[in-house]
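Note sheet for the following structure.
Naming convention: chains lettered A, B, ... in sequence-line order (proteins, then strands); numbering from 1 in each chain.
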Number of protein chains: 2
Amino acid sequence: MQYYNISISVGITKSENFTDVQNEIALLSKALGHPARIAILEYLNGVDNCICGDIVNEIPLAQPTVSQHLKELKNANLIKGTIEGNSICYCINGNSIEKLIFYFSKLASKSKNSTCC
Amino acid sequence: MQYYNISISVGITKSENFTDVQNEIALLSKALGHPARIAILEYLNGVDNCICGDIVNEIPLAQPTVSQHLKELKNANLIKGTIEGNSICYCINGNSIEKLIFYFSKLASKSKNSTCC
DNA sequence: TTATAATATTGCAATATTACAATAATGTTT
DNA sequence: AAACATTATTGTAATATTGCAATATTATAA
């Protein structure tokens, strides 16, 4: 008797089964799915003109953790930013946020009238 | 020599460090952070009047997996639903979606003018 | 050049998420 | 009642996420 242990993709999100739009909205949402990253966006929004050097001091987490969250926000295209001297200059990418707003508006449009549940 | 291995919260999101609003938006976003759950919402939105019995057949994942995703959407208050006979009747909770739209609109408002990054 | 300051990366432990087979629970048919 | 249909739960394996200490990188200041 011989056993073939076939287990290919347990634990991985099956992105290939879904549309590009579904995957994109999910990725953006996922990046927003942590309070620290929401807090970072709130701070960036509160600071005018992108003069933002000390995000680390504003977020109640250790510096490497904040750095990691910033990286994820940038990967998801939710913030733009560059290093300027020995500090960073990040700001919100309004386009991505608006993409979400536009998508969710469509999603909520029909569901307003639903009274059965 | 004696070692005290103190490691309390490694791996857990530190929700207590953030505001209620930040946590709520993050939880909603997190629930939206998977293409299958986006697909479920799209399907629910496409079907009028909540006559939705066969979500499982519409999502390209195994039935237990779909059931799990539905549970998460319900936990996050993104869908409402009840069992009706031997089928389910789910529909989108427009209030939660609108909560996100409202929040993101505020977040994107200031960032439109940012030109430094 | 040698600090100093700010951010990034690495490595690791702990927890969370994803997916599904097997099974349970529950209502509907026959 | 027995078979069927539909959804939920349990258990488990694999991967992902979270958080931080230690360290690296890079630019500025002394």
Interatomic distance, [X] [atom1] vs [N] [atom2] [rounded to whole Å]:
{"X": "A:Lys14", "N": "C:dA19", "atom1": "NZ", "atom2": "C1'", "result": "7 Å"}
{"X": "B:Ile88", "N": "D:dT6", "atom1": "CD1", "atom2": "P", "result": "11 Å"}
{"X": "B:Leu73", "N": "D:dA8", "atom1": "CG", "atom2": "C1'", "result": "16 Å"}

Within residues 16-25 of chain B, those residues having any heavy atom closer than 4.0 Å to DNA chain C are none
Nucleic acid contacts - residues 58-72 of chain A versus DNA chain C, non-hydrogen atoms under 4.0 Å: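 A:Gln63, A:Pro64, A:Ser67, A:Lys71 - these, ordered by number, are the residues of the stretch whose heavy atoms sit under 4.0 Å from the strand.
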Residues in residues 30-42 of chain A with a heavy atom under 4.0 Å of DNA chain D, by number, are A:Lys30, A:His34, A:Arg37
Identify the heavy atoms of [X] and [Y] that sit nearest to each other, and give their distance.
{"X": "A:Leu107", "Y": "B:Asn45", "answer": "O-OD1, 3.1 Å"}
{"X": "A:Ile97", "Y": "B:Ala108", "answer": "CG2-CB, 3.7 Å"}
{"X": "A:Leu32", "Y": "B:Phe104", "answer": "CD1-CZ, 3.6 Å"}
{"X": "B:Ala76", "Y": "B:Ser96", "answer": "O-OG, 4.4 Å"}

Open item on the list: If we count only N and O atoms by modelled type, under 3.5 Å, do the side chains of A:Tyr43 and A:Asn57 hold a donor and an acceptor together?
Closed with: no
Hits for salt bridge (Lys or Arg N to Asp or Glu O under 4.0 Å) against B:Glu42, two or more places apart or cross-chain, chain-then-number order -> none
Tell me, do B:Leu78 and B:Ile92 make a side-chain contact under 4.5 Å, heavy atoms counted?
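B:Leu78 vs B:Ile92: side chains apart.
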query = Should A:Tyr90 and A:Lys74 count as side-chain neighbours, where that means a heavy-atom distance under 4.5 Å?
reply =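 With C-beta onward as the side chain, the pair touches.
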Can you give me every donor-acceptor pair (side chain of residues 58-71 of chain A, partner residue at least two apart or in another chain, under 3.5 Å) with its distance?
residue	atom	partner	partner atom	Å
A:His69	ND1	A:Arg37	NH1	2.9

B:Thr19 meets the side-chain contact (heavy atoms from CB on, under 4.5 Å) criterion, sequence neighbours left out, with B:Val21, B:Gln22
